[in-house]
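A, B, ... follow the sequence lines: proteins, then strands. Residue 1 opens every chain.
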Number of protein chains: 2
Amino acid sequence: MPEKTYQIGVEATMEVIGGKWKSIILCHLRLKPMRTSELERAIPQISQKMLVQQLRELEAANIVDRHVYQEVPPRVDYRLTEYGHSLSGILHDLCVWGEENIDLRREQGEEITLLHRDDL
Amino acid sequence: MPEKTYQIGVEATMEVIGGKWKSIILCHLRLKPMRTSELERAIPQISQKMLVQQLRELEAANIVDRHVYQEVPPRVDYRLTEYGHSLSGILHDLCVWGEENIDLRREQGEEITLLHRDDL
DNA sequence: ATTGATACTTACTTTTTGGTTGGTATCCCA
DNA sequence: TGGGATACCAACCAAAAAGTAAGTATCAAT
């Protein structure tokens, strides 16, 4: 087996929550389980392909659990696993820091808007 | 001016610390100011180009300050700005979570190594 | 038999990110 | 006069990530 090495812990964390979409998805799932279509509505810019792909990667990392209801029409939701919840504090802090960053930049004259402030 | 919009705070945060290198650089600078050559040694996989490029972007975001000493041979170091320090807690948590993630994966049989555990 | 709803899946293209190589600039010192 | 040391920059190319569009599968209701 080829050995994988990291220089510093944050590298491993960023493999899990890095990229354009994973942290956004996780910030939503942190608050409640959500169906595919709900996530699509909450993250309007994401394509179906990226949503599914990122969810699969989060499942593989044991962060997200895919829950299938035995119903017709089909129904699935996604939720943080117990291990996934260990990211909850970090995700919260990332959201809050970003909100403050946006406030600051707007005060400095940047044209910038935050649409949905999830007050957590 | 074209208005920039975010759906959720974490998007803005990830613009600042996202990508392959920024969080790693910041985790080092969090502990002490460092010279270019020191950062190169601390992050052996990074190319000069990426190091400089990422530092410039962090400067532009007011996270990192470039400090030039008036000496020959030239000497420069980089350090977190006061605003940059507001990320310190998050950076610490990202490192710690990653270290624990690596431990867990090794316990589960993955061939995986963390070279430098900065005990903070 | 056709449509509607949901949740994917695949093939293909574009964009973004990162890597390599080879350069510049400054000044001291031998 | 020509290394050596440090920091940085530019041109070019490769690889990875993300976007688009269209198709599959299931089963119920009409």
task: Select one nucleotide: of D/dG19, C/dG19, C/dT6, the one nearest the side-chain heavy atoms of B/W21.
output: C/dG19

query: To the nearest Å, how far apart are A/I25 CD1 and D/dA17 C1'?
result: 14 Å

query: Taking A/R79 for the side chain and A/D65 for the main chain, is one N or O donor matched with an acceptor at less than 3.5 Å?
result: no

- request: Check whether any side-chain nitrogen or oxygen of A/R66 sits under 4.0 Å from OP1 or OP2 of C/dC8, and answer yes or no.
  value: yes

Any B/T36 side-chain N or O less than 4.0 Å from OP1/OP2 of D/dC8: yes

- request: Answer yes or no: does a side-chain N or O of B/R75 lie under 4.0 Å from OP1 or OP2 of D/dA5?
  value: no

task: Compare the minimum distances between each of C/dA7, D/dC9, D/dT6 and the side chain of B/V52, then state the nucleotide with the smallest one.
output: D/dC9

query: Is there a side-chain contact between A/T13 and B/V96 (heavy atoms, below 4.5 Å)?
result: no

message: Rounding to an integer number of Å, can you tell me how far B/L39 CG sits from D/dT6 P?
response: 15 Å

query: Is the phosphate of D/dC8, meaning OP1 or OP2, less than 4.0 Å from a side-chain N or O of B/Y78?
result: yes

Whole-Å gap separating C1' (C/dT14) and CE (A/M50): 13 Å

message: Let's go through A/L94 and A/I17 carefully: what are the C-alpha distance in whole Å and the side-chain angles of both, what is the deciding distance for side-chain contact (heavy atoms from CB on, under 4.5 Å) to 0.1 Å, and is it a yes or a no?
response: CA-CA 11 Å; A/L94 292 172; A/I17 66 166; 4.0 Å; yes

- prompt: Taking atom P of C/dC8 as reference, at what distance in whole Å does atom CD of A/Q54 sit?
  reply: 14 Å

message: Looking at B/K20, I'd like to know whether one of its side-chain N or O atoms comes within less than 4.0 Å of OP1 or OP2 on D/dA17.
response: no

message: By nearest atom, which of the nucleotides D/dA18, D/dC8, D/dT6 is closest to the B/Q48 side chain?
response: D/dC8

- request: For C/dA7, take OP1 and OP2 only and decide whether either is under 4.0 Å from a side-chain N or O of A/Y69.
  value: no

query: Quick one: is A/R56 getting a side-chain N or O under 4.0 Å of the C/dC8 phosphate, OP1 or OP2?
result: yes

query: In whole angstroms, how far is the C1' atom of D/dG19 from the CD1 atom of A/I46?
result: 11 Å

query: Do NZ/NE/NH1/NH2 and the carboxylate oxygens of A/R56 and A/E59 come within less than 4.0 Å?
result: yes

query: Under 4.0 Å between a side-chain N or O of A/R35 and OP1 or OP2 of C/dA7?
result: yes

- prompt: Do you know which two heavy atoms are closest between B/L91 and B/C27, and how far apart they sit?
  reply: O-SG, 3.8 Å

- prompt: Rounded to the Å, how far apart are B/L55 CG and C/dG18 P?
  reply: 14 Å

- prompt: For the pair made of CD in A/Q53 and P in C/dC12, what is the distance, rounded to whole Å?
  reply: 17 Å

task: Please state whether the phosphate of D/dC13, meaning OP1 or OP2, lies under 4.0 angstrom from any side-chain nitrogen or oxygen of B/K49.
output: no

Rounded distance (Å) that lies between atom P of C/dT6 and atom CD of A/Q70: 17 Å

field: Transitive ILVMFWY side-chain link B/I24 to B/L39, under 4.5 Å
entry: yes

task: Please check the phosphate of C/dA7 (OP1 and OP2 only) for any side-chain N or O of A/S37 closer than 4.0 Å.
output: yes

